[in-house]
Amino acid sequence: MAKKDYYKILNIDQKASLKDIKSAYRQLALKYHPDHNPDNPEASQRFAEIKEAYETLITPDLKKNYDSHYRPTPRPQPRAEPQPQTSPSGKPTKGKNLRYNLFITLEDVVNGVDRTIRYIRNNKKEKETVQLKVRVPKGAFHFQRLKLGGYGDVTADAIGDLFVIIHIQNHPIFLRNELNIRVNVPIRYIDAALGSQIEVPTLNGVRKLKLKVCEFEDLQHTMRGFGLPDPKGHYKGDLLVHCFIEHPKRLSTHERNSMEKSLRTWPEGEMMQQYQTYLKELKGSK
């Protein structure tokens, strides 16, 4: 049996295509790459797992061998929580409470969401399938318990409650830190030089962000109020946009010619000017 669930690590199904595997890897690599998460050992460990999963599932022979031993990681199912069933006199006082694990996204936290759930409970001596709608409030938090009175097990004399436990899933793009979230955004050198307006993903769609001209050192920007809401609705966290300059690995002939043409008029910084002056003086002294 495989020790790690590579499909779960990449947040994909076992039937995912090669394109889906590559897409999932790119998203997660962008999020957890050590270069974008300095001094964060958890991100480095997560990236190592992601890379290991990707390299296995992208290689036909390795994937075939892995799939032959693969068993999907089971998701938690609703289960009964034992509760005191009798009073000191020995009479039944309450039915069993039930627990249901509900998985939601960060987008659900921002806007709230209605979810329809199905579970099985004991109705006296018979099994009964229950379907009901659950309202997850805006600002829900990890492991929050939503109590639904009267939806637990039913006995001849009493009925228990249903506790819906909220689990916030990992996001393919955003990293969460309490109410703040962070996203890594690749930009071009020319964007930083010109102070371009770039598009940034948020939990409520795409927003515009104006970069500062020739700002190459501090590429982190804060978008106030674009994070997660406080459970009481008093305020919102921020979106931390970490931009990093992505360099091309190769140039086409057209791109190379364009850059060589630009090189003739490329502006020089103060250090470059001082360096060129030193070279000229050095050449002139010989």
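Every heavy atom of this structure was used, including side-chain atoms; hydrogens, water molecules and symmetry mates were not. We're numbering straight along the sequence, starting at 1.
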For this session: Kindly determine whether Val241 and Thr222 satisfy side-chain contact (heavy atoms from CB on, under 4.5 Å), including the steps that lead there.
Result: CA-CA 6 Å; Val241 182; Thr222 301; over 6 Å; no
For this session: For residues Leu203 and Phe226, determine if any side-chain heavy atom of one lies less than 4.5 Å from a side-chain heavy atom of the other.
Result: no
Problem set entry | ILVMFWY cluster, Tyr25 and Leu18 together (side-chain gap under 4.5 Å) | yes
Exercise. Just checking, is any N or O donor in the side chain of Asn184 or Lys31 under 3.5 Å from an acceptor N or O on the other one?
Worked result: no
Problem set entry | Glu260 atom CD, neighbour heavy-atom count above 12 within 6.0 Å | yes
For this session: State yes or no: do Leu209 and Phe216 share one hydrophobic cluster built from I, L, V, M, F, W and Y residues joined by side-chain heavy-atom distances below 4.5 Å, directly or via other members?
Result: yes
Exercise. Linking I/L/V/M/F/W/Y whenever their side-chain heavy atoms sit closer than 4.5 Å, directly or via other members, would Leu106 and Tyr235 fall into one cluster?
Worked result: yes
For this session: Salt-bridge test for Lys64 and Asp61: reply yes if a basic N is under 4.0 Å from a carboxylate O, no otherwise.
Result: no
For this session: Measure from the side-chain N and O atoms of Asp5 to the backbone N and O of Lys8, and report whether any donor-acceptor pair falls under 3.5 Å.
Result: yes
Exercise. Between His167 and Phe143, does the ring centre distance come in under 6.0 Å?
Worked result: yes
Exercise. Below 4.5 Å, heavy atoms only, C-beta onward: do Ile166 and His142 meet side chain to side chain?
Worked result: no
Exercise. Checking Arg99 against Phe163: charged group under 6.0 Å from the ring centre and within 45 degrees of the axis?
Worked result: no
Exercise. Less than 4.0 Å between a side-chain N and a carboxylate O, is that true for Glu199 and Arg207?
Worked result: no
Problem set entry | Residue pair Tyr32 / Leu175, side-chain heavy-atom distance below 4.5 Å | yes
Exercise. What do you reckon, is NZ of Lys210 surrounded by more than 12 foreign heavy atoms closer than 6.0 Å?
Worked result: yes
For this session: Please tell me if the side chains of Ile58 and Thr56 come closer than 4.5 Å, counting only heavy atoms from C-beta onward.
Result: no
Exercise. Roughly how far, to the nearest 0.5 Å, is the CG atom of Leu146 from the CZ atom of Arg135?
Worked result: 11.0 Å
Exercise. Would you say the side-chain atoms of Asp161 pair up with the backbone N or O of Gly150, donor to acceptor, closer than 3.5 Å?
Worked result: yes
Exercise. Does the pair Leu240 and Ile181 meet the rule for a side-chain contact (heavy atoms from CB on, under 4.5 Å), with working shown?
Worked result: CA-CA 6 Å; Leu240 306 179; Ile181 56 177; over 6 Å; no
For this session: Determine the minimum heavy-atom distance between Leu219 and Phe244, stating which atoms define it.
Result: CD1-CA, 4.3 Å
Problem set entry | Criterion side-chain hydrogen bond (donor to acceptor under 3.5 Å, both in side chains) against Tyr6, the qualifying member of Gln14, Lys63, Glu52, Glu49 | Glu52
Problem set entry | Reported CD-to-NE2 distance for the pair Gln27 and His171, which is rounded to 0.5 angstrom | 9.0 Å
Problem set entry | Donor-acceptor under 3.5 Å (His234 side chain, Asp230 main chain) | no
For this session: Using the salt bridge (charged side-chain N to carboxylate O under 4.0 Å, His left out) rule, take Arg115 and Asp108 through it: C-alpha gap first, then chi angles, then the decisive distance, then the call.
Result: CA-CA 10 Å; Arg115 288 288 182 84; Asp108 295 333; 2.9 Å; yes
For this session: Applying salt bridge (charged side-chain N to carboxylate O under 4.0 Å, His left out), run through Arg46 and Glu42 and close with a yes or a no.
Result: CA-CA 6 Å; Arg46 182 87 168 94; Glu42 292 183 2; over 6 Å; no
Exercise. Would one find more than 12 heavy atoms of other residues, nucleotides or ligands at under 6.0 Å from atom CD of Gln197?
Worked result: yes
Exercise. Going by heavy atoms in the side chains, are Leu10 and Leu57 under 4.5 Å from each other?
Worked result: yes
For this session: Flag yes if Leu98 and Val136 sit in one hydrophobic cluster, no otherwise; membership is Ile, Leu, Val, Met, Phe, Trp, Tyr, and two members link when side-chain heavy atoms are under 4.5 Å apart.
Result: yes
For this session: Measure the spacing between OG of Ser17 and NZ of Lys22 and express it to the nearest 0.5 Å.
Result: 10.0 Å
For this session: Might you point out which heavy atoms bring Cys243 and Leu211 nearest each other, and give the distance in Å?
Result: SG-CD2, 4.2 Å
Seminar exercise, completed: Ile12 and Ala24 have their tightest heavy-atom pair at CG2-CB, 3.6 Å
For this session: Would you confirm whether Thr202, through its side chain, and Asn204, through its main-chain N or O, come within 3.5 Å as a donor-acceptor pair?
Result: yes
Exercise. Is there side-chain contact between Leu162 and Tyr119, with heavy atoms separated by less than 4.5 Å?
Worked result: yes
Exercise. Is there a donor-acceptor contact under 3.5 Å linking the side chains of Ser23 and Asp20?
Worked result: no
Exercise. So, Asp67 and Tyr7: side-chain donor and acceptor under 3.5 Å apart, yes or no?
Worked result: yes
For this session: Identify the two heavy atoms, one from Ala53 and one from Ile9, that lie closest to each other, and give their separation to 0.1 Å.
Result: CB-CG2, 4.2 Å
Problem set entry | Closest heavy-atom pair and its distance - Asp153, Asn122 | OD1-N, 2.8 Å
Exercise. Which distance, rounded to the nearest 0.5 Å, do you find between the CE of Met271 and the CD of Gln273?
Worked result: 11.5 Å
For this session: Start with the C-alpha distance between Leu239 and Val200, add both sets of side-chain angles, then the distance that settles side-chain contact (heavy atoms from CB on, under 4.5 Å), and finish with yes or no.
Result: CA-CA 10 Å; Leu239 172 62; Val200 175; 4.1 Å; yes
Seminar exercise, completed: Minimal heavy-atom distance between Gln144 and Pro137, with the atoms involved, is NE2-CG, 4.2 Å
Exercise. Hey, mind stepping through Thr116 and Gln131 against side-chain contact (heavy atoms from CB on, under 4.5 Å) and telling me if it holds?
Worked result: CA-CA 7 Å; Thr116 299; Gln131 177 174 308; 3.6 Å; yes
Exercise. Taking side chain as C-beta onward, heavy atoms only, is Val109 less than 4.5 Å from Pro229?
Worked result: yes
For this session: Report yes or no: does Asn111 contribute a side-chain atom to a donor-acceptor pair with the main-chain N or O of Glu107 at less than 3.5 Å?
Result: yes
For this session: Could you tell me whether a side-chain N or O of Asp191 sits under 3.5 Å from a main-chain N or O of Ile187, the two making a donor and an acceptor?
Result: no
Exercise. Do side-chain atoms of Glu281 reach the backbone of Tyr278 as a donor and acceptor pair under 3.5 angstrom?
Worked result: no
For this session: Decide, yes or no, whether a salt bridge links Asp114 with Lys133 under the criterion of side-chain N to carboxylate O below 4.0 Å.
Result: no
For this session: Indicate, with yes or no, if Met272 and Leu279 share a hydrophobic cluster defined by side-chain heavy-atom contacts under 4.5 Å among Ile, Leu, Val, Met, Phe, Trp and Tyr.
Result: yes
Exercise. At what distance, to the nearest 0.5 angstrom, does OH of Tyr151 lie from CG of Leu132?
Worked result: 5.5 Å
Problem set entry | Heavy-atom side-chain contact between Lys236 and Leu228 under 4.5 Å | no
Problem set entry | Backbone of Gly225 reached by a side-chain donor or acceptor of Asp238 within 3.5 Å | yes
